[in-house]
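If you're wondering where the values come from, they're calculated on a predicted model, not measured in any experiment. Just so we're on the same page: letters track the sequence lines, and every chain starts at 1.
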Amino acid sequence: MNLKEKIKSFTAEAVEKVYGEKLDFIPLLYPDQKSFGDYATSSAMVLAKKLKKNPKEIAAALAQELGKREEFEKVEVAGAGFVNFFLGNEFINSELLNVLENVDYGKNDSLKGRKILLEFVSANPTGPLHIGHGRWAAIGDTLARMLRFCGADVSTEFYINDAGNQINLLLQSVAAVKEGKEVPENGYHGAYIQELAAKEGDPVELLLETQKKTLLSFGVDFDRYFSEKELHQGGKVKDTLEFLKKSGYGYEKEGAFWFKSTEFGDDKDRVLVKSDGEMTYFAVDIAYHRNKISRNFNELITVLGADHHGYVKRMEAAVKVLCREVDKNINLSMVIGQLVNLFRDGEPVRMSKRTGDMISLDEVIEEIGVDAGRYFLVMRKADTPLDFDMGLAKKKSDENPVFYVQYAHARISGILRNYSGEIKKNLLEIVDSPESRDLAVELVKFPEAVEEAAASLEPHRIPIYLENLANLFHRFYHQNRVISEDREATEKRILLIQAARNIIRKGLFLIGVDSPEKM
RNA sequence: GCGCCUGUAGCUCAGCUGGAUAGAGCAACAGCCUUCUAAGCUGUGGGCCACAGGUUCGAUUCCUGUCAGGCGCACCA
């Protein structure tokens, strides 16, 4: 159990002990002022209504009870009825020793038993990946790392749309170039089509290999690349349509076969088989999800570009129907990633889909590097559009947050290189100044920061945590000389910055960014 | 017209299932390197949290409406 959860349960116990009441939710927050402690709860205000008592009185009684816990130096009542918790140095110190001894501090089993299929990117193999795919890749891969860190069993998957209309258009476009003819109006026109035409082999395979290579160079690999073609070949799509028919959620109308998604809140029913006998993409995707479910996952997560969000409702509907077949309740979560606007030093970078002259993810990685790329693409909440300035990402200055965090790591590494000596760690009280305390408390909050980020599927919280941590380290560094004549102080500070380095490394690892020893 | 997302400092954004005087970075201004990396630190200025109602002891947070922007609304993928 992480510290936050622990304090919540302490509070719940105190409430029960003093008032015999059970609260279904304990609000626990980080106060915005230092004088209000490290954590605070407003439970007394919630209880006040229920018990028809003065919130301050309740808070006082709770504080009295909670003050007995050895984790706290003091527990105070403040304001209209807040209970403020101040962590004790002894407790902080003992937690720091855990950080030092356990390289995987923060690793937990809060999501143990959850078998998750995480699908992301899933680009059509009809062209090179662009910056948007980069965002889904960075978000998806970070999610996978976070969820695993919290004990979930995660399989990552890239669904290859290697069948259907778009593929035909691609093949026609390449063939046209080969024969020296005009590319069809609705075909693909990018420069890469020319390159493909000059090469031997299946254009789809070639493009897929290029995409895989791009992703690998971005530090993103998948447990499985799932081919749409295989679904068709195995007759799985037809089976699925059969099932839908039997389930009562499929019906024939005007020569087409429809899915009754309106039963589940969709705007209209959706066509699965067109009147010309062709299956829609949606039909095939239902078959894919049926396959996912048959593989015994108990949770499905899909990272989806905002340009496909119209698709959410119908897929949720489909999964509900599919669940009935196996008599299980499988949750489908969609993480919608808003689009990326690319800039170069404030000027928008033109992206023309029609001519295919889009700047590719490869070019972006080449220009700004993997670290800055991944960092920038996960640092914003997925549901806000991202303004990505390549000029800024390249800058090695304080405008650039990724360097700020990495620099903290490099600085610590530099100090540690300068120090050689034994440390008797169990004898020491590490926290010995306001700055060291602030830094230490932040380190101890790492587990709950990761757990909350994972539980809410919000990878952007990791960079935010790291920037805050790096800031606290830099402040500590300026106020407290680490290596000095004072041997005891030196040892304490070495331990503290070692702990900080462990956490920064782990945090950067979770977003797939390197931790340089030197910069 | 309908649906989803967004609207917080000059700019880019945080704000944890409703809580205390709304935060950070950048930009601006003023300081700090004979000391472990100045890619850093300290300080100052800067806000009707888009707007209007509602629920509540308490709303940036929840509900309704309005306005603005993004993205979707096919027997395309």
Within the 4.0 Å heavy-atom criterion, would you say [X] contacts the bases, only the backbone, or no part of the nucleic acid?
| X | answer |
| --- | --- |
| A:N480 | base |
| A:A256 | base |
| A:A80 | nothing |
| A:H474 | sugar-phosphate |
| A:E485 | nothing |
| A:E254 | base |
| A:N471 | sugar-phosphate |
| A:T280 | sugar-phosphate |
| A:D285 | nothing |
| A:N468 | nothing |
| A:E278 | nothing |
| A:I464 | sugar-phosphate |
| A:A78 | base |

Report yes or no: is the ring centroid of [X] under 5.5 Å from the six-membered base ring centroid of [N], with the two planes under 30 degrees?
| X | N | answer |
| --- | --- | --- |
| A:F82 | B:rA20 | yes |
| A:F36 | B:rA20 | yes |
| A:H308 | B:rA77 | yes |

Problem - Verdict with supporting geometry, A:E157 and A:Y288, side-chain hydrogen bond (donor to acceptor under 3.5 Å, both in side chains) - result: CA-CA 11 Å; A:E157 209 154 289; A:Y288 176 41; 2.7 Å; yes

Roughly how many Å is it from [atom1] in [X] to [atom2] in [N], rounded to a whole number?
| X | N | atom1 | atom2 | result |
| --- | --- | --- | --- | --- |
| A:L339 | B:rG69 | CG | C1' | 13 Å |
| A:L377 | B:rC13 | CG | C1' | 15 Å |
| A:R475 | B:rA38 | CZ | P | 17 Å |

Is it the case that the base of [N] and the side chain of [X] share a donor-acceptor contact (distance under 3.5 Å, atom types as modelled)?
| X | N | answer |
| --- | --- | --- |
| A:D307 | B:rA77 | no |
| A:S275 | B:rC75 | yes |
| A:K313 | B:rC4 | no |

Exercise for the section: Map A:P385 and A:M279 onto RNA chain B by nearest heavy atom, then report which one ends up closer to the 5' terminus. Expected result: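 The answer here is A:P385.
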
Handout entry: Contact nearer the 5' end of RNA chain B, comparing A:E458 with A:R314
Key =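 Result of the comparison: A:E458.
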
Across all strands shown, which nucleotide pairs with [N] by Watson-Crick or G-U wobble geometry, both distances under 3.5 Å?
| N | result |
| --- | --- |
| B:rA9 | none |
| B:rU35 | none |
| B:rU42 | B:rA30 |
| B:rG1 | B:rC73 |
| B:rC62 | B:rG54 |

Exercise for the section: Give the ring-plane orientation class for A:F264 versus A:F259, where under 30° counts as parallel, over 60° as perpendicular and anything between as tilted. Expected result: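 Plane angle under 30°, so parallel.
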
Exercise for the section: Quick one: sort the A:Y465 and A:F446 rings into parallel, tilted or perpendicular, breaks at 30° and 60°. Expected result: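 Tilted, since the angle between the ring planes falls between 30° and 60°.
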
Pick the [atom1] atom in [N] and in [M], then give their distance to the nearest Å.
| N | M | atom1 | answer |
| --- | --- | --- | --- |
| B:rC67 | B:rA9 | C1' | 22 Å |
| B:rC62 | B:rC26 | C1' | 33 Å |
| B:rG15 | B:rU6 | C1' | 16 Å |

Phosphate OP1/OP2 of [N] contacted by [X] side-chain N/O (<4.0 Å):
| X | N | value |
| --- | --- | --- |
| A:R380 | B:rU6 | no |
| A:S42 | B:rC57 | no |
| A:Y477 | B:rA39 | no |
| A:K274 | B:rC76 | yes |
| A:K381 | B:rG15 | yes |
| A:H478 | B:rG43 | no |

Handout entry: Option among A:T240, A:D285, A:V319 that satisfies the side-chain contact (heavy atoms from CB on, under 4.5 Å) test with A:R290
Key =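 Option passing the side-chain contact (heavy atoms from CB on, under 4.5 Å) with A:R290: A:T240.
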
Handout entry: Residue pair A:S436, A:R493: steps toward the side-chain hydrogen bond (donor to acceptor under 3.5 Å, both in side chains) verdict
Key = CA-CA 8 Å; A:S436 66; A:R493 290 169 185 172; over 6 Å; no

Handout entry: A:Q211 side chain to A:N124 backbone, donor-acceptor under 3.5 Å
Key =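 Yes; judged by distance alone, with no hydrogens or angles, the pair exists.
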
Handout entry: Anti/syn call for B:rC57, syn if |chi| within 90°
Key =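 Chi for B:rC57 falls in the anti range.
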
Handout entry: Residues A:K492, A:D486: salt bridge by 4.0 Å N-O rule
Key =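 Not counted as a salt bridge, because no side-chain N and carboxylate O are separated by less than 4.0 Å.
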
Problem - Member of A:Y30, A:Y39, A:F72 meeting the ring-ring contact (aromatic ring centres under 6.0 Å, His included) criterion with A:F85 - result: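 Result: among A:Y30, A:Y39, A:F72, A:F72 is the only option passing the ring-ring contact (aromatic ring centres under 6.0 Å, His included) with A:F85.
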
